[in-house]
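Notes follow the structure.
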Number of protein chains: 2
Amino acid sequence: MSRKTTTVATKSRARKSPRRQVTAETAAKDRSQPQFAPIRTKRVFEEICEQVRREMATGSLRPGDKLPPERELATKLGVSRAAVREALRSLEIAGVVGLQKGARGGAFILKGDPDLVTQSIRDMFHLGRISLDNLTEARTLVMQLAIQLACERIRPTTIAALERNVDRLTTLPTTGKASERVAMSAEFYRLISQATDNTVLQMIIEALTEIVLQQVVQSNIEFFPNLIVHRRRLVEYIASGRIEDAKKEMTDHLQRLRRHLMRAERTATEGKSARTLTEETSH
Amino acid sequence: MSRKTTTVATKSRARKSPRRQVTAETAAKDRSQPQFAPIRTKRVFEEICEQVRREMATGSLRPGDKLPPERELATKLGVSRAAVREALRSLEIAGVVGLQKGARGGAFILKGDPDLVTQSIRDMFHLGRISLDNLTEARTLVMQLAIQLACERIRPTTIAALERNVDRLTTLPTTGKASERVAMSAEFYRLISQATDNTVLQMIIEALTEIVLQQVVQSNIEFFPNLIVHRRRLVEYIASGRIEDAKKEMTDHLQRLRRHLMRAERTATEGKSARTLTEETSH
DNA sequence: CGTTGTGCAATGGACAGACCATTGATGCAT
DNA sequence: ATGCATCAATGGTCTGTCCATTGCACAACG
C-alpha cells in the first residue's frame, strides 16, 4: 500500500494530498469525536480567491493595490501557476481585479464594475430564472422610485441633458435603426437614474433597462409614435416638480411597453414551439 | 511569401499569430488605406465564453445541457486545455455552468444562481463603489415597493410563516447571538419579498438585505427593544391589507436602522482614520 | 544636451504533457 | 442478490516551456 502516497509526499504536491488523508485518518484514530467534518474538497483556486477577498474585506487590500506577480504568488502559496491563474481569472470575472501585461504589470484591485450587476441579472434572465413579466414589472416599479427621487434631487444641468436627449430623438428616423433609438432611450433612463443620486438605484435601473431594451430590439416591436410627446411631457413634469404627474407618465409608458413586449414574447414562443414541434417530428 | 503563415497554420496557435502580421504587411503594401484597425487582442478564454453565451442566448444551450469534456472542447476549438479551463472557470463564477468530476461528469448549464447578484453588489460595496447611505436608502425604498405588492398578493401560508418567524424571534435572547437574530431577520424579509411574486424584486431585496444585515452584525449596534412589536404590527397590517400603514411601519423601521448604521459607520471610520494616522506617522 | 532606438527584464497569456482524485459502470466472486 | 475489485471518463492540478507586451535603462546619434 501507499508506495504512491509516500513518494508523492516528497513532491510539491504534498500540500494537497495530506488534506484528504487527514479526514480519513483522524476519523479512524479520534474515535471520541466522530467529527464527520464536511470533507474539505475546496479547490485551491477557491482558497486563493477567499484569501484575496478576506484581505479586501479587512482593508489590507484596497483599490489600486497590486498583487504579487503570478509566479511569485504561486511559489508563496505553494501552488502551481495555473491554479493562481484560475483564481485571478475568477476574481477578474468578478470585477475585483484587473490584469495588466508587461513590465510593471500584474493584478490590480479595481474599484468594481457596476456592469457586473447587469451581467449577472442578464444571465438570470437568459437562463430562464427571471421572466420577462417580472422583469418589466420590476422595472416599472423601480422607475417609480427613481422618478420620485429624481424630482426631488435633479439639477438644472441634468434637466438640460434630458431635453437635449429628447431633441436628438426627434432627429432620428422612425423606421429602422432600432439600435440607435434604443441607445437614446438607454441614455434617457440613465440620466434619470443619475438624478436620484443613489448609486444602488442607478445600478439596478441600468441593469433592468439594458436587459429590457435588448428585448425591445430583438422583438422588432414598432416605434411608439407618441414616444417623443411622452418623453417631453415627462421631462417637463420632472423639471417643474410635478411628481405625481411624472410618475404616472412614466408608469403609463412602461406598462404600455410591457404589454407590447409580452405580446411579442407570446407570438415568438408560439412560433418557436411550432418550429420545435416540427423539428421533433422530423427526427 | 508567408512561409511563416502557412507553416503556423498547421499548428494550433495559428489563430493568433497571423493577426499581428496582417496589420504590418497590409500597412506596407496597401498604401491607399493605412487601415490601422484596433488590433483585436481578445484573450482566448473570452472568445470561448462568448461562444457559450451565444449558444445560451439563442437557446441552443439550455439549463441541464452538458458541454463536451474539457479535452474534447480544447481540440475542437484548437486551444489548450488550460484556456478551456479558464473559460469554464469564468462561466462557473458567473453561475452559468457547474462542473462535476468523475465519469459522467462535465460542465452543465445551470439555471442561474440568484446569489451572484448579491455577490456582485456586495463587491461594489466592499470596493467603495456603493456607500452605506445609498445602500440603506435604496433598501428602504425598494421595501416600500415590496410591501405594496406583498399586501396585494400575499397568501395565508406566508402570513402564517411570518407570524411564526416573529414568534421565534421572541424566544431568542436579546443579547449576544447577533448572528441568529440577523438570520431571523433575513428570513423575515425573504418571506415578504417572496410574497411579491416577483423574482427580480426578490433578488434585489435579498442582495440589499444581506449586505445591510452583515453590516448590522459587524457594527455591534444594540438590539432594538421594540423590534418585535414593530414586526408584529407590520405582519398584522400586511395580513389585513392596510397597505399604507404597513408601508409606514416598514419605512420607519428601516430609516431608524439606517440612522443607527450611519452613526456606527461614522464612529468606526473615525477610529480607523485615527489608527491609520498613527500608523502613517510611525513609519 | 536631447532625442531616438535598441536591448533587456518583468509579467501575463498560452500551450503541451503528465499525473492524481473522483465517480460511475462493469464484471467477477461470494 | 450482494459486495468487491477493476476500469474508464473526467475534472483538478502540476511542471516546464515559449510567446507577446510593456516599461526602463542605456547606448547611439544628431
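Throughout, a chain's letter reflects where its sequence line sits, starting with A, and its residues are numbered from 1.
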The criterion is side-chain hydrogen bond (donor to acceptor under 3.5 Å, both in side chains); which residues satisfy it with [X], sequence neighbours excluded?
| X | answer |
| --- | --- |
| A/Gln218 | none |
| B/Asp115 | none |
| B/Asn134 | A/Thr199 |

Between [atom2] on [N] and [atom1] on [X], what's the gap in Å once rounded to a whole number?
| X | N | atom1 | atom2 | result |
| --- | --- | --- | --- | --- |
| B/Glu72 | D/dT10 | CD | P | 8 Å |
| A/Glu46 | D/dG11 | CD | P | 16 Å |
| B/Phe45 | C/dC15 | CZ | C1' | 16 Å |
| B/Leu77 | C/dA14 | CG | P | 13 Å |
| A/Arg43 | D/dC14 | CZ | P | 13 Å |
| A/Arg71 | D/dC18 | CZ | C1' | 10 Å |
| B/Leu99 | D/dA9 | CG | P | 20 Å |
| A/Leu73 | C/dT11 | CG | C1' | 12 Å |

### Query
Between C/dT11, C/dA16, D/dT13, which nucleotide has the shortest distance from any of its atoms to the side chain of A/Pro69?
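Of all the options, the side chain of A/Pro69 is nearest to C/dT11.
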### Query
Of all the nucleotides listed (D/dC18, D/dT13, D/dG11), which has the minimum atom distance to the side chain of A/Arg81?
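So the side chain of A/Arg81 is nearest to D/dC18.
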### Message
A/Glu55: which residues meet the salt bridge (charged side-chain N to carboxylate O under 4.0 Å, His left out) condition with it, sequence neighbours left out?
### Response
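A/Glu55 satisfies salt bridge (charged side-chain N to carboxylate O under 4.0 Å, His left out) with no other residue.
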### Under the salt bridge (charged side-chain N to carboxylate O under 4.0 Å, His left out) test, residues paired with A/Glu70 that sit two or more places apart
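Salt bridge (charged side-chain N to carboxylate O under 4.0 Å, His left out) check on A/Glu70 returns A/Arg81, A/Arg85.
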### Task
Output all residues satisfying side chain to side chain contact (heavy atoms under 4.5 Å, CB included) with A/Ile93, sequence neighbours left out; order by chain, then residue number.
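A/Ile93 satisfies side chain to side chain contact (heavy atoms under 4.5 Å, CB included) with B/Phe45, B/Ser90, B/Ile93 once adjacent residues are dropped.
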### Message
Can you pull out the residues from residues 83-91 of chain B that lie within a 4.0 Å heavy-atom distance of DNA chain D?
### Response
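Output list: B/Arg85, B/Arg89.
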Please tabulate the protein-to-nucleotide N/O contacts below 3.5 Å involving nucleotides 22-26 of chain D, giving atom names and distances.
residue, atom, partner, partner atom, Å
D/dT22, O2, A/Ala103, N, 2.9

Listed pairs under 3.5 Å, donor-acceptor, residues 117-125 of chain A side chains, sequence neighbours left out:
residue, atom, partner, partner atom, Å
A/Ser120, OG, A/Leu116, O, 3.2
A/Ser120, OG, A/Val117, O, 2.8
A/Arg122, NH1, A/Glu210, OE2, 3.2
A/Arg122, NH1, A/Gln214, OE1, 3.1
A/Arg122, NH2, A/Glu210, OE2, 3.1
A/Asp123, OD1, B/Arg53, NE, 3.3
A/Asp123, OD2, B/Arg53, NH2, 2.9

### Task
Please name the residue in the list A/Thr75, A/Leu67, A/Val44, A/Leu73 that meets the side chain to side chain contact (heavy atoms under 4.5 Å, CB included) test with A/Val84.
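Among the candidates, only A/Leu73 passes.
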### Message
Is it the case that atom CZ in A/Arg168 sees more than 12 heavy atoms from other parts of the structure closer than 6.0 Å?
### Response
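Enclosed: over 12 neighbouring heavy atoms sit under 6.0 Å from CZ of A/Arg168.
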